[in-house]
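Let me begin by presenting the structure, written as structure tokens, before commenting on it.
All values below were derived from every heavy atom in this structure, side-chain atoms included, with hydrogens, water molecules and symmetry-related copies excluded.
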Amino acid sequence: QVQVVQSGGGLVQAGGSLSLSCAASGRTFRRYAMGWFRQAPGKDRDFVAAITWSGSNTGYADAVKGRFTVSRDNANNTVYLQMNSLKPEDTAVYYCAAAPVISGLVMSKDYQYDYWGQGTQVTVSS
């Protein structure tokens, strides 16, 4: 069982930066693939970024590629999402997710993940 707790987010002007963190409990965090998703009002939950258990592979949605960076610190059971050059269309509730998968495959589907954070609001003003 893994508990996932998110922090970060908030309000920023377009062009600014924000960082999200996701802390996961449990001794086996390093065996979990991690992902970030987001859901804007009235829309489906969309894939944002993901990182494999070892951190060797990452993947991004086209909408955030080149602006967002996902990373992880297995020693501290934490995964990060650095968001730069933010746009108003990035406004959404962001979710962190974990899956007990040891693979080089980057997972971009929400049904592939078993544990979810509480969500954190990111608002980008124009």
Report the distance from atom [atom1] of [X] to atom [atom2] of [Y], rounding to the nearest 0.5 Å.
X   : Y    : atom1 : atom2 : answer
C22 : W116 : SG    : CH2   : 10.5 Å
T91 : Q121 : OG1   : CD    : 7.0 Å
R30 : S54  : CZ    : OG    : 11.5 Å
Q39 : D44  : CD    : CG    : 7.0 Å
M34 : M107 : CE    : CE    : 10.0 Å

Are [X] and [Y] packed together at the side-chain level, in the sense that at least one heavy-atom pair is separated by less than 4.5 angstrom?
X   : Y    : answer
Y80 : L20  : no
L81 : V79  : no
V2  : Y32  : yes
L18 : V122 : yes
R38 : V64  : yes

Shared ILVMFWY cluster between [X] and [Y], side chains joined below 4.5 angstrom?
X    : Y    : result
Y60  : F47  : no
V101 : Y113 : yes
W36  : W53  : no

If we ignore hydrogens and angles and just use 3.5 Å, is the side chain of [X] paired with the main-chain N or O of [Y] as donor and acceptor?
X    : Y    : value
N77  : A24  : yes
N57  : V106 : no
Q6   : S21  : no
T120 : G8   : yes

Can you name the closest pair of heavy atoms from [X] and [Y] and give their distance?
X    : Y   : answer
G119 : V93 : CA-CG1, 3.9 Å
S126 : A14 : CA-CB, 4.4 Å
V4   : A98 : CG2-CB, 4.3 Å

> What do the steps show when you test K87 against D90 for salt bridge (charged side-chain N to carboxylate O under 4.0 Å, His left out), and what is the final call?
Replying inline: CA-CA 5 Å; K87 305 175 181 180; D90 294 319; over 6 Å; no

>> Under the criterion side-chain contact (heavy atoms from CB on, under 4.5 Å), I'd like the reasoning laid out for F29 against R72: C-alpha separation, chi angles, the key distance, then a yes or no.
In response: CA-CA 10 Å; F29 172 78; R72 67 188 297 158; 3.4 Å; yes

> Using the benzene-type ring in the case of Trp, are the ring centres of Y95 and F37 under 6.0 Å apart?
Replying inline: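 Not close enough - the centres of the two rings lie 6.0 Å or further apart.
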
> Is it the case that more than 12 heavy atoms not belonging to R67 sit under 6.0 Å from its CZ atom?
Replying inline: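 Yes, the 6.0 Å shell around CZ holds more than 12 heavy atoms from other groups.
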
>> Do the side chains of D110 and R45 get close enough for a salt bridge, i.e. N-O under 4.0 angstrom?
In response: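 Result for this pair is yes, salt bridge flagged.
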
> After noting the C-alpha distance and the side-chain angles of S17 and M83, does the key distance pass the side-chain contact (heavy atoms from CB on, under 4.5 Å) rule?
Replying inline: CA-CA 5 Å; S17 297; M83 304 181 291; over 6 Å; no

> Where do V12 and T123 land on the side-chain contact (heavy atoms from CB on, under 4.5 Å) test, with the steps shown first?
Replying inline: CA-CA 6 Å; V12 67; T123 302; over 6 Å; no

> Do D73 and T78 meet the criterion of a side-chain donor-acceptor pair at a distance under 3.5 Å?
Replying inline: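 Note: D73 and T78 side chains miss the donor-acceptor criterion.
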
